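In what follows, a single structure is set out as structure tokens and then discussed.
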Amino acid sequence: MMPLLELVDVHRSYKIGESTVHALRGVSLKIRRGEFVAVMGSSGSGKSSLLHILGLLDNPDSGEYRIFGRNVNDLSGDEQAGLRNHMAGFVFQQFHLLKRMSVVDNVRLPHIYSGEQGDFRQEALRRLEEVGLGHRTDHTPNQLSGGEQQRVAIARALIRDPGIIFADEPTGNLDSVNSAEIMKILQDLHREGRTIIMVTHEHDIAAYAGRVLTMRDGLVVSDEQRDVVDGPTEIPNDYEKAGESMWHASRPISLWKDGRFIGFMQQAFQAIFANKVRSFLSVLGILVGVASVIALMALGEGAKSAMQEELKSMGSNLLSVRGGSSKVRGSARAAGAIAPFTFTDVKDIAAMRPMIRNAAGTVSGSARIVYGNKNWSASLDGVGFEFGLMRAAVPSIGRWFTREEIQKRDKVAILGMTVVRELFGNANPLGRTVKINRINFRVIGVAPPKGFSGPRDGDDVVMIPVTTAMYRVLGKDYLSYIYVEVRHAAEIKKAKKAISALIMKNHRLREADEAFYIRDMTEIQEMLSSTTQTMSLLLGSIAAISLLVGGIGIMNIMLVSVTERTREIGLRKAIGARRSDILLQFLVESVGLTLSGGIMGVVSGTGIAFLLALFAGWSVKASLLSVVLATCFSALIGIFFGLWPARKAADLKPVEALRYE
Ligand code: ADP
Ligand code: MG
């Protein structure tokens, strides 16, 4: 009859630094199905090494290992994992239960690597019943005694209904009463027809077995067959069939099938929540990074759209003509000094109909405004009649200047909201008299709110007739700006050329360069978008740096986690986890960490933005895009920085991981 397991001249040695330890030096051995084999020998004789090779947790350096007559040495790690899951149940001296999980979850754990469908809770409960633990199913392993923990481990070994149970000193950590109970369970399993291979160094434990191998210095020195009364009476002779189903188990299985992915998610979040404080601290970097990006983006977007709103209200076919300062002759002169614009210029430009619809000259300066015992500084704009329509400055409270007032240099003023608030509080300013640069003015209106554009408060302004400003207040005899409204946006280029030619003619200039500037709104918009581009670049690099730092923090925590859980990884591999299972589990964990950090960051960033909007009055605009980007990006960081620790975990050899202290 073909043996179930067969070793032929198996060698295994370990290198420790310079020296080599020969743990197995030519072991040949046949184990038939249904046998109960005890492996005895003094400590260090190679018992565990032998068991690991038989259980496919380790591979021999040389020699052959055959299961059902087939050489399994050259199977891949994943194929061996599939075989372990299907045919082997392991019971270790240290129990190797996962402490975070309940007893019943520990028992059904091998099933997540089996590729079979279902939740297997009932089956786990049944197995627990069988080992006499039906009443402790929802406890965690720490709440159980040693004997009980070992019984849980046996229930776990049985959940896949394996043909062979491998036990390494199963009673090594137990007192004699518990030892006897565990042995009785193993004996019953043997009676059911299972093959049992057990390592022990105690004679009374070995006495339960029907065959005792004794090892010394890496060799089997005696092989005793005993008379066992309770041995299995009959061994079914269906090797072919059993072998076939076994090889079937080594096939690759799909990751996405059977809710396995959800299983990994659950496990990952279990791990995250088991170390709440540590997890939170490790994602703090990601959280702060994402939160600041979201808040800053919201602010930036808000400022941008406020500016665009204002530009839109000005009209898109508006030109502004400004006198430039010249450095040609060595020293910079005040704006307008080269081409001091006059009302003639304004009139000539306005005369270019129908291309030009309107033109208005303005003069600007600063004003000191006094009302009662309060005084305030604001910018002063001397404006023409057309300015009100062109720049959307016509008051909704009060009225705009009349043509007559402008012609007669009247002392009337329109105040911006900020000025009104500072001088009048909540009182009505209409009809009151204020002093502007020591001259009495009557307030006739309140300018519509402009908000902030950039650092400048568009409402901190006083408007008076341009003539009054030039001749009575500022003492200038030239205009600072000429605003021009072009009939069609398509004619802007043509209009600019014509205006430029006109000013050069009026002022006898040879070249337009630096003597004056003509700006249109598209230029201003371009300027705006280029500044916002710089701003986004800046924000982007801040984000990149903080997320990089956050990612390194995650990687660090994941490495710690892998090291801490080396034995857990070993156990998972022993019960059949493939490389990809471990990789995915840790990857899901790190993505889970960064993603929750990212989501917390999005929430707090949006919160900060809205608080700023609420209390500081800044305009903010949360964009869905930034939220989606930040979330995706944090998931990517999780993958990127989690990959290395996850691979480190996945590449561990099962025995080495199990032995890790
Ligand atoms: P036993 O289980 O009989 O006590 P083992 O099979 O565990 O013995 O070990 C046999 C020999 O191999 C011992 O000398 C042990 O120190 C050595 N050994 C076992 N595993 C390793 C390993 N992973 N690295 C180095 N030496 C090892
Ligand atoms: Mg040992």
Side-chain angles (χ1 to χ4, degrees), residues 5 7 9-29 31 36-63 65 73 77 80 84 88-96 146 149-150 153-154 157 164-174 179 182-183 186 196-209 211-224 562-563 565-574 648-649 651-661:
L5 312 175
L7 294 180
D9 194 25
V10 162
H11 289 257
R12 179 73 171 105
S13 51
Y14 306 99
K15 269 207 170 63
I16 311 171
E18 300 286 285
S19 63
T20 310
V21 180
H22 296 282
L24 299 177
R25 20 171 131 216
V27 175
S28 296
L29 175 70
I31 293 174
F36 188 159
V37 183
V39 182
M40 293 204 65
S42 55
S43 176
S45 56
K47 306 183 295 291
S48 294
S49 302
L50 178 68
L51 192 83
H52 290 153
I53 284 179
L54 288 171
L56 280 175
L57 294 172
D58 195 11
N59 290 307
D61 298 332
S62 68
Y65 178 26
N73 290 347
Q80 292 188 349
R84 283 197 297 275
F90 291 95
V91 181
F92 301 98
Q93 180 176 356
Q94 305 89 336
F95 321 136
H96 286 312
Q149 290 192 45
Q150 193 61 300
I154 293 176
I164 314 170
I165 305 281
F166 296 94
D168 194 348
E169 310 261 12
T171 61
N173 284 0
L174 304 179
S179 296
I182 294 299
M183 288 318 296
L186 288 179
I196 297 189
I197 303 171
M198 174 184 72
V199 165
T200 182
H201 59 268
E202 293 172 64
H203 284 281
D204 49 340
I205 297 295
Y208 287 88
R211 180 180 171 194
V212 179
L213 301 172
T214 309
M215 295 193 69
R216 191 184 302 145
D217 295 336
L219 288 170
V220 177
V221 291
S222 85
D223 186 346
E224 264 177 84
V562 167
T563 313
R565 286 150 66 189
T566 302
R567 291 215 288 179
E568 172 189 330
I569 295 163
L571 182 271
R572 286 177 183 274
K573 292 206 148 182
K648 213 181 128 181
D651 288 338
L652 285 171
K653 282 176 84 178
V655 250
E656 281 163 15
L658 275 173
R659 272 176 170 267
Y660 185 84
E661 289 300 327

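Numbering of residues begins at 1 and proceeds along the displayed sequence. Remember, it's a predicted structure, so these values are computed and weren't measured experimentally. Just follow the structure's listing: the first ligand is 1, and inside any ligand the first atom is 1.
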From S48, does some N, O or S atom reach closer than 2.8 Å to the Mg ion (ligand 2)?
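For S48, the answer is yes, given that an N, O or S atom comes within less than 2.8 Å of the Mg ion (ligand 2).
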Got a donor-acceptor contact below 3.5 angstrom from the [X] side chain to the [Y] backbone?
X: R216; Y: S45; result: no
X: K573; Y: L652; result: yes
X: R25; Y: D217; result: yes

Note down each nitrogen or oxygen pair, ligand 1 side and protein side, whose separation is under 3.5 Å; give only atom names and the distance to 0.1 Å.
residue, atom, partner, partner atom, Å
ligand 1, 2 (O), S48, N, 2.9
ligand 1, 2 (O), S48, OG, 2.8
ligand 1, 3 (O), S45, N, 3.3
ligand 1, 3 (O), G46, N, 3.1
ligand 1, 3 (O), K47, N, 2.9
ligand 1, 3 (O), K47, NZ, 3.0
ligand 1, 4 (O), G44, N, 2.7
ligand 1, 6 (O), S48, N, 3.4
ligand 1, 6 (O), S49, N, 2.8
ligand 1, 6 (O), S49, OG, 2.6
ligand 1, 7 (O), R659, NH2, 2.8
ligand 1, 8 (O), G46, N, 3.4
ligand 1, 20 (N), R659, NE, 3.3
ligand 1, 20 (N), R659, NH1, 3.4
ligand 1, 20 (N), R659, NH2, 2.9

Which one of Q94, Q93, H201 satisfies the side chain to side chain donor-acceptor pair (under 3.5 Å) criterion with E169?
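Of the listed options, the one satisfying the test is H201.
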Have a look at I53 and tell me which of V10, L5, V655 forms a side chain to side chain contact (heavy atoms under 4.5 Å, CB included) with it.
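Of V10, L5, V655, side chain to side chain contact (heavy atoms under 4.5 Å, CB included) with I53 is met by V10 alone.
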Taking the basic N atoms (NZ, or NE/NH1/NH2) and the acidic carboxylate oxygens, is any pair closer than 4.0 Å for K653 and D58?
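Salt bridge: yes.
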